[in-house]
Amino acid sequence: MSVEQYRLPDAPHDGGRSAQPACARSVMLLAALLLLCLSGCGRGGELVQHFVAQSGEPRARVLFIAGRDSHGPWAHEHREGSLLLAQALHREHPEFDIQVVYGGWPLDAARLQNLDSVVFYCDGGPGHPVNAHLERFEQLLEDGVGVAALHYAVEVPPAGFAASLMQHAIGGYFETHWSVNPHWTAHFEALPEHPITRGVAPFTLRDEWYFNMRFVPGRAGVVPLLSAVPPPETMQRDNGPHSGNDAVRQLVADGVPQIVAWAYERPGGGRGFGYTGGHFHANWENENTLRLVVNAIAWTAQAPP
């Protein structure tokens with residue numbers, strides 16, 4: 001049974017000003033069809049979708065590690081979101097070999113071999129898939145494998161080995177009692193010139209945009225891609241592990257723009273990408289945020305968008 005591939009637009013045409021696109025249901029239905037019609041099971045019953053390179057030796061190998069869906073419909077749809085992103089990436093780069101593993105860290109260790117990039121779209125914190133596989137994750141970084149972390153996947157337990165590795169992998173991470181996770185409408189009025197922003201226009205989007213990441217010292221090697229000024233209502237909650245602290249309250253009061261997506265060149269080789277949006281599944285229908293993330297995954301795999 002054939003399923004029409006999700007298509008990236010040739011170029012933005014309306015500035016992406018829709019905060020919650022009207023045709024989100026069609027994306028959900030398409031992702032569900034992809035899952036039903038194209039998914040298979042790997043070793044031990046792990047759910048796998050494989051997008052095979054269409055000509056010769058793959059130009060790049062990308063693995064999506066999609067965590068369990070955790071927030072009910074329309075939010076943290078890690079499986080459908082990963083399938084949608086993988087389909088869009090394969091449409092742009094049919095020469096890529098792409099696998100999507102659902103449920104956590106791959107059961108088959110062979111899936112982690114000869115990778116160019118790994119994409120984490122999953123719950124983070126104490127439940128992040130890397131926590132139980134830190135030595136293997138470290139080896140991937142030493143091998144120069146690119147890393148993209150989407151939404152909750154930018155958070156790992158603070159001040160430990162996992163935090164050190166994630167910061168090294170993507171240049172920064174969500175640190176509890178320092179970073180915050182409010183829902184707010186961000187206005188991205190200007191974007192830097194970068195391979196990841198190619199074809200992306202300024203846009204406005206409501207999401208659970210995390211900010212005040214714990215970046216590497218001096219933000220060396222970090223290129224901010226999406227930055228916006230959080231409104232005062234982002235600080236309405238009391239101080240807590242994810243909700244606020246005196247330092248971030250002062251930044252918001254002073255109107256300091258906050259980085260919510262960034263690129264990172266790792267010392268010694270390897271690329272990283274952090275994207276704190278991705279809470280609402282419907283937001284993948286925003287053509288600008290979709291293109292940005294697809295470009296970024298290709299970039300982490302050392303391939304031009």
Side-chain angles (χ1 to χ4, degrees), residues 8 12 15-21 24 27-28 31 64 66-67 69-71 74-86 88-89 119-125 128 147-155 166 170-174 179-192 194 196-197 199-213 215 222-231 233-234 242 248 257-264 272-297 299-300:
L8 276 171
R17 296 287 175 176
S18 173
Q20 293 289 348
V27 176
M28 290 288 289
F64 283 76
D69 299 342
S70 59
H71 278 49
W74 304 101
H76 287 222
E77 298 274 7
H78 300 133
R79 178 172 57 186
E80 286 79 3
S82 294
L83 285 170
L84 188 151
L85 289 166
L89 178 65
V119 182
F120 292 99
Y121 194 16
C122 54
D123 281 358
H128 201 295
V147 176
L150 311 180
H151 197 50
Y152 197 0
V154 303
E155 181 187 335
M166 187 58 72
I170 63 173
Y173 75 103
F174 186 107
S179 309
V180 292
N181 66 348
H183 291 223
W184 54 292
T185 300
H187 304 277
F188 304 116
E189 298 176 351
L191 286 76
H194 192 277
I196 293 176
T197 61
V200 182
F203 65 100
T204 293
L205 195 64
R206 182 172 180 80
D207 208 322
E208 187 182 32
W209 298 109
Y210 306 163
F211 60 90
N212 202 36
M213 298 295 104
F215 288 109
V222 173
V223 177
L225 300 173
L226 296 180
S227 299
V229 176
E233 55 265 29
T234 58
H242 297 85
V248 75
Q258 294 296 310
I259 301 167
V260 299
W262 64 93
Y264 180 59
F273 171 69
Y275 178 79
T276 74
H279 178 83
F280 298 115
H281 186 69
N283 282 349
W284 294 123
E285 276 225 341
N286 182 290
E287 59 193 35
N288 287 299
T289 195
L290 178 67
R291 182 173 291 279
L292 181 97
V293 173
V294 169
N295 283 353
I297 296 169
W299 181 81
T300 63

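One-based numbering along the sequence shown. Computed over heavy atoms, backbone and side chain alike; hydrogens, waters and symmetry mates excluded.
Evaluation of the side-chain contact (heavy atoms from CB on, under 4.5 Å) rule for Pro182 yields Val180, Trp184, Phe211, Thr234, Arg237 as partners, not counting sequence neighbours. Listed by chain and residue number, Thr289 satisfy the side chain to side chain donor-acceptor pair (under 3.5 Å) test with Tyr275 (two or more places apart in sequence, or in another chain). Applying the side chain to side chain donor-acceptor pair (under 3.5 Å) rule to His78 yields no partners; only residues at least two apart in sequence or on another chain are considered. The side chain to side chain donor-acceptor pair (under 3.5 Å) search around Glu155 returns His242, not counting sequence neighbours. Qualifying ring-ring contact (aromatic ring centres under 6.0 Å, His included) partners for His279, counting only residues two or more places apart in sequence or in other chains: His71, His76, His151, His183. Taking the side-chain contact (heavy atoms from CB on, under 4.5 Å) definition, one finds that Ser179 meets it with Phe174, Glu175, Met213, sequence neighbours left out.
In this structure, Val293 and Trp284 have side chains that are in contact, with non-hydrogen atoms separated by less than 4.5 Å. The closest side-chain heavy-atom distance from Gln258 to Asn212 is below 4.5 Å. Contact of the Thr185 side chain with the Trp209 side chain is not registered, since no non-hydrogen atoms from C-beta on lie closer than 4.5 Å.
Remark: Leu89 CG to Phe64 CZ distance equals 5.5 Å, nearest 0.5 Å. The OH atom of Tyr264 sits 10.0 Å away from the CD1 atom of Ile170 when rounded to the nearest 0.5 Å. Atom CG of Leu191 sits about 6.0 Å away from atom OG1 of Thr197, to the nearest 0.5 Å. In this structure, Glu189 CD and Thr204 OG1 are separated by 7.5 Å, a value rounded to the nearest 0.5 Å. In this structure, the separation between CH2 on Trp299 and CD1 on Ile196 is 5.0 Å, given to the nearest 0.5 Å. Taking CG from Leu225 and CG from Leu292, the interatomic distance works out to 6.0 Å, rounded to the nearest 0.5 Å.
In terms of heavy-atom proximity, Ala88 sits nearest to Val294 at CB-CG2, 3.9 Å. For Ile259 against Pro224, the heavy-atom pair with the smallest separation is CD1-CG, 3.6 Å. Closest approach of Gly272 to Thr300, counting heavy atoms only: C-CG2, 4.1 Å. Of all heavy-atom pairs spanning Ala149 and Val154, the tightest one is O-CG1, 3.6 Å. Annotation for His128 and Ala153: closest pair NE2-O, 2.9 Å, computed over non-hydrogen atoms. Taking every heavy atom of both residues into account, Phe273 and Ala261 meet most closely at CE1-CB, 4.5 Å.
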**Report entry** Evaluation steps, side-chain contact (heavy atoms from CB on, under 4.5 Å), between Phe188 and Val260
**Finding:** CA-CA 10 Å; Phe188 304 116; Val260 299; 3.6 Å; yes

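Of the possible donor and acceptor atoms, none in the side chain of Asn181 sits under 3.5 Å from a partner among the backbone N and O of Tyr210. Remark: the backbone N or O of Gly67 is not paired with any side-chain donor or acceptor of Asp123 at under 3.5 angstrom.
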